[in-house]
There are 2 protein chains.
Amino acid sequence: MSKAKRLNEMIMMVNRKRRFTVAELAQEFQVSRRTILRDLQELSEMGVPLYSEVGPHGGYQVLKERILPPIAFSEDEAAAIFFVLHALRQYISVPFDAEYESIKKKFYLNLTGSIRDTIDHMKDRVDFMTTAQQEVIPHLKELLEAAIHQDVITIQYESKTKKSERNIQPIGIYAQEGNWYCPSYCFVSQDYRVFRCDRIKRVEINDKIEPIDLSHIHLKNRFSILNENKETYDIHVELTARGVERFKSVSWPVLVLNKRDDGTGYVSGTFTKQDTDFMAEFFLSYHKEARILKPEELIQRTKEKVNELLKQYEL
Amino acid sequence: MSKAKRLNEMIMMVNRKRRFTVAELAQEFQVSRRTILRDLQELSEMGVPLYSEVGPHGGYQVLKERILPPIAFSEDEAAAIFFVLHALRQYISVPFDAEYESIKKKFYLNLTGSIRDTIDHMKDRVDFMTTAQQEVIPHLKELLEAAIHQDVITIQYESKTKKSERNIQPIGIYAQEGNWYCPSYCFVSQDYRVFRCDRIKRVEINDKIEPIDLSHIHLKNRFSILNENKETYDIHVELTARGVERFKSVSWPVLVLNKRDDGTGYVSGTFTKQDTDFMAEFFLSYHKEARILKPEELIQRTKEKVNELLKQYEL
DNA sequence: TATAATAGTGACATAACATGTCACTGTTAA
DNA sequence: TTAACAGTGACATGTTATGTCACTATTATA
């Protein structure tokens with residue numbers, strides 16, 4: 001095996017093993033200890049964060065910030081990565097600000113001339129208008145990591161009215177209308193709750209509480225599971241062709257858009273009682289393009305909303 | 001200089017030069033012609049798309065799809081790239097589907113063990129709820145490229161009512177509410193127009209028309225420039241604290257949110273006459289959380305809208 | 001049509017680099 | 001005290017990279 005190939009494979013191997021000894025690698029790669037020592041020194045110089053301890057139970061360790069073997073991207077791929085990094089960061093706070101900068105730097109070092117200009121110009125030529133105010137969400141990364149590793153965490157949560165401390169186990173994170181939310185199992189209320197991530201002021205891993213098994217629940221299926229014991233309504237809303245167009249840009253997992261051949265359509269599905277207010281306001285904003293047929297409770301609530309509007313505009 | 005370093009620099013050099021001869025490179029890198037030939041063969045094997053022609057004015061050329069020198073990313077950077085690629089594609093159609101697949105493949109080949117699992121799990125743990133229907137927008141990439149290179153293109157545009165063919169020069173592309181839009185200078189109407197990208201059915205570069213100088217206009221400043229000659233209204237809308245919260249997730253360049261210490265605030269700015277209808281519906285959807293004070297035309301239009309609602313809900 | 005500019009190959013010597021071996025130093029847990 | 005580990009330096013040897021040279025082949029253009 002050539003040296004270059006051996007080094008690449010060595011990066012992957014040490015990343016996988018985390019701890020290893022020189023003799024061990026010498027055995028695996030069928031080269032001498034001396035060669036492995038020289039290779040490890042080269043990896044260090046390349047940026048692999050290695051650390052060694054002598055003595056029994058000593059050996060090498062790879063620290064955090066492990067690096068991958070070098071990858072050659074095409075210019076189009078580089079442009080795609082820049083595009084999505086730039087675009088998504090415009091759209092919403094993402095938990096990777098430091099990484100964005102370092103990725104940018106690495107690419108810039110390897111780009112010359114026209115492609116560099118292309119990428120520079122892209123910044124002025126792509127925009128995301130529905131952007132929320134760019135407030136940094138400090139604990140988003142920790143929440144995502146807790147969701148991935150299924151850790152229990154202790155958070156301090158500040159809702160509009162009160163502060164509280166809770167132990168939760170995140171299911172995932174999702175973005176909606178420019179905000180990040182974190183649906184989780186809450187050990188305090190012993191039920192599932194959705195937390196708005198910018199209101200989570202402190203996150204600490206809590207290894208005293210045993211995580212519950214959420215492996216079957218993730219973001220795609222949580223609605224059907226979590227709504228099981230709640231009071232729900234069946235909904236039916238007729239949409240004009242324009243209404244259909246508009247509804248297409250919304251997608252709630254619980255509401256389904258059914259199109260007809262003539263362009264009109266209707267919304268069906270179920271929603272929980274506590275969302276009645278939201279649904280009333282939502283379909284009211286469609287004006288003539290939406291007509292609620294079911295449920296009666298939603299129609300009633302909508303009428304009340306119109307009455308409130310009436311008063312405000314003194315007709 | 002070591003061979004590895006020379007090869008990396010050679011990738012960058014040939015990418016920059018596009019056309020070159022063997023003797024030229026031999027001179028620049030201070031090695032023999034024979035070595036350069038061997039190096040170029042290696043680059044070819046590494047995937048650099050080289051093509052050569054013999055004879056006077058012959059030489060080497062790099063074809064499209066140029067590749068960059070290999071870059072070593074950290075695992076965190078790889079995770080960030082995966083996150084944004086995955087997230088943005090959930091949110092909206094992006095003109096980089098092929099690149100997404102090839103980037104994924106390249107990373108997967110270089111990932112092992114835990115980090116691979118982390119990335120696999122991320123897919124189930126991150127979601128974007130405001131996602132538009134995932135309709136592929138066929139010409140988005142060409143529009144972006146035309147905007148970057150300031151090309152004039154001929155498009156076929158299908159609005160709700162009619163089809164037309166136009167020559168336009170794109171300023172950029174932007175995403176709003178799950179749709180892509182392309183503000184451009186239109187040579188047919190001799191004015192700036194915004195086109196919805198999914199209604200653009202054909203794109204061809206038109207090199208017969210000379211591009212106009214749009215270099216001073218880009219997405220960030222186009223509103224102030226383009227609205228210069230249009231009839232506009234000054235707006236003032238009072239918002240409650242809840243209204244402020246809600247308005248934060250909107251950001252139109254022309255409307256500014258002014259916050260007060262008590263949490264309430266107001267919206268100020270200007271909008272064009274033709275947007276009156278949209279503004280009326282928009283602030284109506286805020287119900288009690290928004291109160292329009294200016295302009296009179298907008299208040300009037302809003303009252304008409306409420307009247308229409310009245311009829312629909314038969315109060 | 002001759003010429004010069006270009007790519008490309010093969011063979012060989014030599015230079016540079018990579019590897020293995022070995023004898024050694026140093027640290028530390030058990 | 002011992003064994004398990006990292007680490008170094010020197011040197012011989014094996015492998016790869018490079019240069020040189022003599023060659024072939026193609027093609028634009030003077």
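Throughout, protein chains are lettered first and strands after them, A, B, ... in sequence-line order, and every chain is numbered starting at 1.
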Set of residues satisfying salt bridge (charged side-chain N to carboxylate O under 4.0 Å, His left out) with respect to B/K17, sequence neighbours excluded: B/E24, B/E28
Partner residues of A/E9 under the salt bridge (charged side-chain N to carboxylate O under 4.0 Å, His left out) criterion, sequence neighbours left out: none
Nucleotides 25-30 of chain D: protein proximity per nucleotide (B base, S sugar-phosphate only, - neither; heavy atom, under 4.0 Å): -BBBS-
Base-contact (B) and sugar-phosphate-only (S) positions in nucleotides 11-24 of chain D, heavy-atom cut-off under 4.0 Å, - elsewhere: ------SBBB----
Partners meeting side-chain hydrogen bond (donor to acceptor under 3.5 Å, both in side chains) with [X] (sequence neighbours left out):
X	result
A/D120	A/Y108
A/D207	none
B/H139	B/E142

Presence of salt bridge, A/K64 and B/E75, under 4.0 angstrom: no
Sugar-phosphate only, base, or nothing, as touched by B/G59 at under 4.0 Å among non-hydrogen atoms: sugar-phosphate
A/R193: partners by side chain to side chain contact (heavy atoms under 4.5 Å, CB included), with sequence neighbours left out: A/C186, A/S189, A/D191, A/F195
Under the ring pair (Phe, Tyr, Trp, His ring centres under 6.0 Å) test, residues paired with A/F107 that sit two or more places apart: A/F82, B/F73
Contacts of type ring pair (Phe, Tyr, Trp, His ring centres under 6.0 Å), residue A/Y185, not counting sequence neighbours: A/F187, A/Y192
Value in whole Å for how far the P atom of C/dT6 lies from OH of B/Y51: 16 Å
Between D/dC5 (P) and A/Q61 (CD): distance, integer Å: 14 Å
Proximity to DNA chain D (any heavy atom under 4.0 Å), residues of residues 9-29 of chain A only: A/T21, A/V22
Residue pairs, two or more places apart or on separate chains, that pass ring-ring contact (aromatic ring centres under 6.0 Å, His included) and touch residues 25-53 of chain B: none
